[in-house]
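Encoded as structure tokens, the structure appears first; notes follow it.
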Amino acid sequence: MRDEALIRAIREGDEGAIAQVMDRYSPLLWRVAGAVLGRRAAEEDLEECVADVFIHLWQQPEKFDPRRGTLKTYLALMARSRATDRLRQLLRREEVPLEAAPLQAAAGVAEGYLARETLEELRRAVDDLEEPDREILLRRWQEEQTPREIALAMGLAPKQVENRLYRTRLRLRRAVSE
């Protein structure tokens with residue numbers, strides 16, 4: 001089936017069409033995501049990137065415009081984008097939090113006091129957050145929801161959730177360090 005026919009079938013909810021697209025393009029998308037993530041990612045990270053591409057195509061087939069390129073190119077670009085986002089997440093996890101350095105330097109008796117005081121400052125800063133940032137943060141860290149789960153529950157794009165989490169963490173670091 002040609003790209004236009006596949007997209008038309010997907011728009012009509014034909015699961016066979018999405019299965020055909022997955023069979024045809026999965027190996028390519030795995031290679032694209034693998035090239036971006038390299039050895040930093042587990043197989044699950046690659047699988048998630050590829051699955052995200054197909055979920056996006058299934059949920060929003062109208063986003064594909066055959067006048068701008070082939071379905072193969074469209075899916076490969078989406079896989080690269082998802083893998084780049086995932087790589088950024090992985091690299092952020094490897095960073096040492098800003099507040100860790102002062103706590104490590106304050107070893108000994110003062111450590112417990114500083115930790116309690118920092119925790120109290122953090123609680124106040126979280127309480128002062130505006131919605132939806134507060135809800136997103138609490139869903140992520142208290143309920144341990146993934147950005148995708150939060151996005152689905154709140155009707156946001158996963159990228160919006162990730163961006164809000166990133167900016168909120170920066171605000172909290174500033175609030176606690178001041």
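Note that this is a predicted model, so its numbers are computed, not measured.
Looking at Leu129 and Arg171, their side chains come closer than 4.5 Å, going by heavy atoms from C-beta outward. Residues Gln160 and Met154 have side chains not in contact (no heavy-atom distance under 4.5 Å, counting atoms from C-beta outward). When side chains are defined from C-beta on, Glu48 counts as touching Arg148, because their heavy atoms get closer than 4.5 Å.
Hydrophobic clustering of Ile, Leu, Val, Met, Phe, Trp and Tyr side chains at less than 4.5 Å, counting indirect connections, keeps Ile55 apart from Leu28. Val53 and Leu77 sit in two unconnected hydrophobic clusters of ILVMFWY residues. Membership requires side-chain heavy atoms under 4.5 Å apart, directly or through other members.
Around CZ of Arg80, the count of heavy atoms belonging to other residues, nucleotides or ligands within 6.0 Å does not exceed 12. Within 6.0 Å of CD on Glu62 lie more than 12 heavy atoms contributed by other residues, nucleotides or ligands. More than 12 non-hydrogen atoms from other residues, nucleotides or ligands lie less than 6.0 angstrom from NZ of Lys159. Within 6.0 Å of atom CD in Glu131, more than 12 heavy atoms from other residues, nucleotides or ligands are found, so the atom counts as buried in its surroundings.
Between Met22 atom CE and Leu75 atom CG the span is 11.0 Å, to the nearest 0.5 Å. The CZ atom of Phe64 sits 9.5 Å away from atom CG of Leu6, with the distance rounded to the nearest 0.5 Å. In this structure, OG1 in Thr168 is found 3.5 Å from CG in Asp133, a value given to the nearest 0.5 Å. Atom CD1 of residue Ile10 and atom CD of residue Gln20 lie 9.0 Å apart, to the nearest 0.5 angstrom. Here CZ of Arg2 is found 13.0 Å from CD1 of Ile7. Values are rounded to the nearest 0.5 Å. Atom CZ of Arg164 is separated from atom CD1 of Ile136 by 5.5 Å, given to the nearest 0.5 angstrom.
Under 3.5 Å, the side chains of Ser81 and Thr84 contain no donor-acceptor pair of N or O atoms.
Ion pairing of Glu4 with Arg8 is absent here, as no side-chain N (NZ or NE/NH1/NH2) approaches a carboxylate O to less than 4.0 Å. Using a 4.0 Å cut-off between charged nitrogen and carboxylate oxygen, Asp85 and Arg82 do not count as a salt-bridge pair.
Asp3 places a side-chain N or O within donor-acceptor distance of the main-chain N or O of Leu71, the cut-off being under 3.5 Å. Between the side chain of Gln60 and the backbone N or O of Leu57, no donor-acceptor pair lies under 3.5 Å. A donor-acceptor pair under 3.5 Å is formed between the side chain of Glu149 and the backbone N or O of Thr146. Although no hydrogens or angles enter the test, the distance criterion places a donor-acceptor pair under 3.5 Å between the side chain of Arg140 and the main chain of Gln145. With hydrogens and angles ignored, the 3.5 Å screen pairs a side-chain donor or acceptor of Asp45 with a backbone N or O of Ala42.
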Test side chain to side chain contact (heavy atoms under 4.5 Å, CB included) on Arg68 and Tyr74 and set out the steps. CA-CA 9 Å; Arg68 297 184 69 198; Tyr74 175 74; over 6 Å; no
List the steps and the verdict of side chain to side chain contact (heavy atoms under 4.5 Å, CB included) for Met78 and Leu29. CA-CA 9 Å; Met78 269 204 304; Leu29 302 187; over 6 Å; no
Could you walk me through whether Cys49 and Leu37 pass the side chain to side chain contact (heavy atoms under 4.5 Å, CB included) test, one step at a time? CA-CA 10 Å; Cys49 291; Leu37 292 169; 4.2 Å; yes
Using the salt bridge (charged side-chain N to carboxylate O under 4.0 Å, His left out) rule, take Arg86 and Asp52 through it: C-alpha gap first, then chi angles, then the decisive distance, then the call. CA-CA 11 Å; Arg86 185 68 182 150; Asp52 284 350; over 6 Å; no
Audit row: Glu43, Trp30, side chain to side chain contact (heavy atoms under 4.5 Å, CB included) steps and yes/no: CA-CA 10 Å; Glu43 186 173 336; Trp30 275 82; 4.0 Å; yes
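When every heavy atom of Ala83 is checked against every heavy atom of Ala33, the shortest pair comes out as CB-CA, 3.8 Å. Of all heavy-atom pairs spanning Val32 and Ala76, the tightest one is CG1-O, 3.6 Å. Closest approach of Pro147 and Leu165 over heavy atoms only: CG-CD1, 4.4 Å. Across all non-hydrogen atoms, the minimal contact from Ile18 to Glu15 is CG2-O, 3.1 Å.
Applying the side-chain hydrogen bond (donor to acceptor under 3.5 Å, both in side chains) rule to Ser26 yields no partners; only residues at least two apart in sequence or on another chain are considered.
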